[in-house]
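Note that ligands are numbered from 1 as they come in the structure, with each ligand's atoms numbered from 1 the same way. Bear in mind that the values here come from a model prediction, so they are computed numbers and not experimental data.
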Amino acid sequence: MIVFDVGNTDTVVGFFKGENLINKLRIRSLKNENSIYFEYRILNFMLENNIEKRGLQKAVISSVVPILTPFFVNFCEKFLDLKPLVVTPAQSGLLKINIDMPEELGSDLYVNALAALETTQSDCVVVDFGTALTFTVVNFSGQIEGVTILPGIKTAIKSLFSQTSLLPEVILEKPASIIGKNSMHAIQSGIIYGYESMVLGILKKIKEEVGRPVTVIGTGGLSAVLTGISNAFDMIDVDLTLQGLALYGRKTQM
Ligand SMILES: Nc1ncnc2c1ncn2[C@@H]1O[C@H](COP(=O)(O)OP(=O)(O)O)[C@@H](O)[C@H]1O
Ligand SMILES: CC(C)(COP(=O)(O)O)[C@@H](O)C(=O)NCCC(=O)O
Ligand SMILES: [K+]
């Protein structure tokens, strides 16, 4: 099976043999490129890793970037002779969705919840550190209870940089002290210590609202950044979205 997690910053392509993730490829989700940009990278990766087209019997796509979705649908049809499943949470039925407008729910959050539930079989919160930082609450009986969204860690840095004249765009490194002695340390301190406090605070409030113990799972490209609060997570699985996509593929009839 081949799965695509089309996110706002990166698209991750995963290759599964049965339930096992064998290979993955990360491509920038560039919106001004044409299809050749994506096709070339995926085909080249398959060639380099001896992944044969005839070994791929199913394709599943989650996209939270609608303008890019056709590229990946066409890729599957044109190069793999597969009609891909495009994840549509509101129509899937694998999980119940207890929010105002189920069709609004991001398909990445839906497959995250699916994988989290399969792994933990308990009430859980999935914290996805991507372009957005999201908390998805799912209960053990298979119902998504809702989502909390804030700007992702890099997104916040970029936003601060683009809205100010004198502040630099800094790399994600934790300074030794909370009180910065230069602009770079001041921002790194504010962002990293700030996000750690925010994540802890949001998790605390979510737990209060759920009123039962929850398993906390971290995922996303930036899930390793907040080293100071790693014990707030029962597990970190950077491949959770890919695992959820494969699960969706196995559980959905074509
Ligand atoms: N393997 C990685 N190691 C470190 N940082 C990464 C890795 N992959 C992605 N990142 C960074 O994490 C951020 C979020 O990536 P990702 O979770 O894929 O976001 P999205 O799903 O919104 O595209 C990106 O800014 C990316 O540069
Ligand atoms: C919240 C998201 C922007 C996260 O995207 P990502 O950080 O993975 O690129 C995406 O899941 C999305 O566009 N969701 C729609 C709104 C919602 O899920 O409520
Ligand atoms: K994502």
shortest atom 13 (C) of ligand 1-to-protein heavy-atom contact is with L222 CG, 3.5 Å

Given K24, K154, R28, which has its nearest heavy atom closest to atom 27 (O) of ligand 1?
K154

Which of the atoms of ligand 1 are close to G220, meaning less than 4.0 Å from one of its heavy atoms?
17 (O)

L105 N/O under 3.5 Å from ligand 2 N/O
no

Starting from atom 1 (C) of ligand 2, locate the nearest protein heavy atom and write down its residue, its atom name and how far away it is, to 0.1 Å.
T134 CG2, 3.7 Å

Please say whether more than 12 non-hydrogen atoms of neighbouring residues, nucleotides or ligands are located less than 6.0 Å from CZ in F79.
yes

Going by the salt bridge (charged side-chain N to carboxylate O under 4.0 Å, His left out) test, name the single residue among D10, D239, D5 that passes it with K24.
D239

May I ask you to check if ligand 1 and T9 share an N or O to N or O distance below 3.5 Å?
yes

If you compare A224, G130, G221 by their heavy atoms, the one closest to atom 7 (C) of ligand 1 turns out to be G221

For atom 13 (O) of ligand 2, what is the nearest protein heavy atom, given as residue, atom name and distance?
V64 CB, 4.0 Å

Can you tell whether the side chains of E208 and K204 come within less than 4.0 Å, N to carboxylate O?
yes

Return the closest protein heavy atom for atom 9 (C) of ligand 1 as residue, atom name and distance.
R26 NH1, 3.0 Å

Validation row, ring centre F72 to ring centre F38 under 6.0 Å
yes

What is the closest protein heavy atom to atom 17 (C) of ligand 2, and at what distance does it sit?
E104 O, 3.4 Å

Does A132 reach ligand 2 with a nitrogen or oxygen that is under 3.5 Å from one of the ligand's nitrogen or oxygen atoms?
yes

Of all protein heavy atoms, the one nearest atom 18 (O) of ligand 2 is G106 N, 2.8 Å

Numbering the atoms of ligand 2 from 1, which are under 4.0 Å from a heavy atom of T131?
7 (O), 9 (O)

Report whether V13 and V238 are members of the same hydrophobic cluster (ILVMFWY, side-chain heavy atoms less than 4.5 Å apart, transitive linking).
no

Mark up the atoms of ligand 2 that fall under 4.0 Å of a heavy atom belonging to N8, in ascending order.
3 (C), 5 (O), 6 (P), 9 (O)

Evaluation steps, side-chain contact (heavy atoms from CB on, under 4.5 Å), between V199 and I229
CA-CA 9 Å; V199 169; I229 60 161; 3.7 Å; yes

With a 4.0 Å cut-off on heavy atoms, does L109 reach ligand 2?
yes

Determine, for E118 against K251, whether the closest basic-nitrogen to carboxylate-oxygen distance falls under 4.0 angstrom.
yes

For G130, take its heavy atoms, then give the atoms of ligand 2 lying under 4.0 Å from any of them.
7 (O)

Nearest protein heavy-atom contact for atom 8 (O) of ligand 2: which residue, which atom, what distance?
D108 OD2, 2.7 Å

I'd like to know if E33 and R28 make a salt bridge, using a cut-off of under 4.0 Å between side-chain N and carboxylate O.
no

among protein heavy atoms, the one nearest atom 20 (P) of ligand 1 is T131 OG1, 3.6 Å

Considering only heavy atoms of G7, which atoms of ligand 1 have at least one such atom less than 4.0 Å away?
21 (O), 23 (O)

Return yes when atom CG of D100 has more than 12 non-hydrogen atoms of other residues, nucleotides or ligands closer than 6.0 Å, and no otherwise.
no

Please list, in number order, the atoms of ligand 1 under 4.0 Å from a heavy atom of D10.
9 (C), 18 (O), 23 (O), 26 (C)

